[in-house]
Amino acid sequence: MTSNEIIRFPESLLLGVGSSAYQVEGAWDEEGKAPSIWDAFFHSGENEVLHEFIPLQNHDTISDDEEPIDLLTFFKGFHVFKSTTKLRSQVSEPSMYSMDDGGMIACDSYHKTEMDIQLLKDLGVQIYRFSLSWPRLLPDGDDQNPNQAGIEYYNNLLQKLLDNNIQPLITIYHWDLPQSLQKIGGWANSNIVRYFTNYCEFVFKTFGDKVKLWSTINEPRLIAEGYGGSSTAPALGENFSGIADYMVIHNLLLAHGYAYRLYNENFRETQQGQISLCLDTLWFFPADPNDEEHKKAADLAFQSFVGIFVQPLLTGEYPKIVVESIKATNKLENKNLTRIIQFTDQEKKILIGAYDFVAFNYYFSLYAKPNLTFKEEDNLKTKDLKVQLLGFKGDHKPEDTNAGFRNLVDWFDEVLNHPKIFVCENGFAEDEGVDKSLEKKRYHYDILREVDQALKRNINIIGYCVWSFMDSLEWASGYKSKFGIYGVDFNDPSRPRYKKENNFAFFQNLFKTKTLPPPEIE
Ligand code: BGC
């Protein structure tokens, strides 16, 4: 049912907006920055493989509830891509992305600190969530030769935020691994854990006096997708799907765990910050709520997407249902390879309880039912999931999105025993040239109403960030998918920002007054 009350949040709830380094900074090769895996993915010429993306459907047209979404071509649900991989020598065009700059300039935020601070002030936010670029700070990957220009850039940004009473929430890693580390296997090489803790130590030492809220890694699941698919960097393709992605998940969890322990041992006492791992989340509803098999499929999907990161932080183990499902595929395929490796006792100690709050991103939810029709050519990961994921029935269905969010916060509250929760991203994309501002405001109003209701159920939500501060590079989708509160003119090389007149007042009012009238009577 559509609600029309005025929401009033407690003063203590932190409200703000988010961005990430690769999506906004640009200046991809300036002042000592080294290429990241996303530079390699798009434009630096470092990658011998190019990825050709054919948009299949978008958010509104994933409508037929019998139409399965292939996991490997599933990217955020808003845009689904079919990707084919070609060698550089097989294509005539030097770049598939000539209409986009692939992040070379992006929003040019590297050169616009003053301006962006002013925009944040105008909006009235309390929190700005942004990420640090590892290759800008440590171009070699480790802390032997830090890049002074990068340090100054973030120090200046942090100082200006604090001068204006805006709290930073820093994501230490939002997908842009130094390409030099990819050459030795990236997140699939277990030594990455040492590189990551070395990077974190440098970050805590350098910026820790100015930061109280940290998330180590943004959306580990999407990072792992890049090792078993082609929609995210390093886009290794499907050859190691169901193998490399589990290695990556393992190493990401350990990297987070060791960074958390490092902070505890060397920095917590003096810096007094809080740390988390930031998960991408969805809720999965059984396609038929009365069918036990559908319920099991929804559970398996949820545990494969979300539980696979949460359970190790709780017990040091992967969810049983996921491990069993992988074993079952192995049996079926007559495979001997252990594809998901249990943590050692020492590692379990590192992982259990390695968070001060729960951080997650939420956009939408899906339906699930068993997949009984595997084909010979389906890859291992698809077979492990044993689930068909179904999109929205008809147009975007707000009830499902809202109920999914509600179920999720209740689940975290119960399973992790009443933790602090920070909603790091929640957003609605408008496509180029299409004004969906009313739908967008309704989307945020509804989820914020869920936040309000959750607070009334005594769930400890401490913060909420709108994704995103401004339109920015939507990774493989380029600049056409627009999540921003501010718009950016990407046809103009100086990247001017502008207020989106149809939604600016709505968000400004939310941030400045902590109250929210329904968008229709705003
Ligand atoms: C990512 C963002 C991205 C957003 C919208 C999240 O997966 O953290 O970088 O822009 O979703 O697709």
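Side chains included, hydrogens not; waters and symmetry mates left out as well; all remaining heavy atoms used. Whatever order the structure lists ligands and atoms in, that order sets their numbers, starting from 1.
Considering only residues two or more places apart in sequence or on other chains, Asp29 meets the salt bridge (charged side-chain N to carboxylate O under 4.0 Å, His left out) condition with none of them. For Tyr445, there are no ring pair (Phe, Tyr, Trp, His ring centres under 6.0 Å) partners at least two apart in sequence or on another chain.
A salt bridge links Glu450 to Arg406: one of the charged nitrogens lies within less than 4.0 Å of a carboxylate oxygen. Under the 4.0 Å criterion applied to side-chain N and carboxylate O atoms, Asp176 and Lys33 are not assigned as salt-bridge partners.
For ligand 1, the polar-atom distance check finds no N/O of Ser20 at less than 3.5 Å from any of the ligand's N/O atoms. By the 3.5 Å distance cut-off applied to N or O atoms, Trp175 is not counted among the residues near ligand 1.
In this structure the side chain of Val409 reaches within 4.5 angstrom of the side chain of Phe360, judged on heavy atoms.
Distances shorter than 4.0 angstrom occur between a heavy atom of Asn218 and an atom of ligand 1.
Every atom of ligand 1 is numbered from 1 in the order shown, and the set under 4.0 Å from a heavy atom of Gln23 is 2 (C), 3 (C), 9 (O), 10 (O). Residue Phe483 approaches ligand 1 through these ligand atoms, each under 4.0 Å from one of its heavy atoms: 5 (C), 12 (O).
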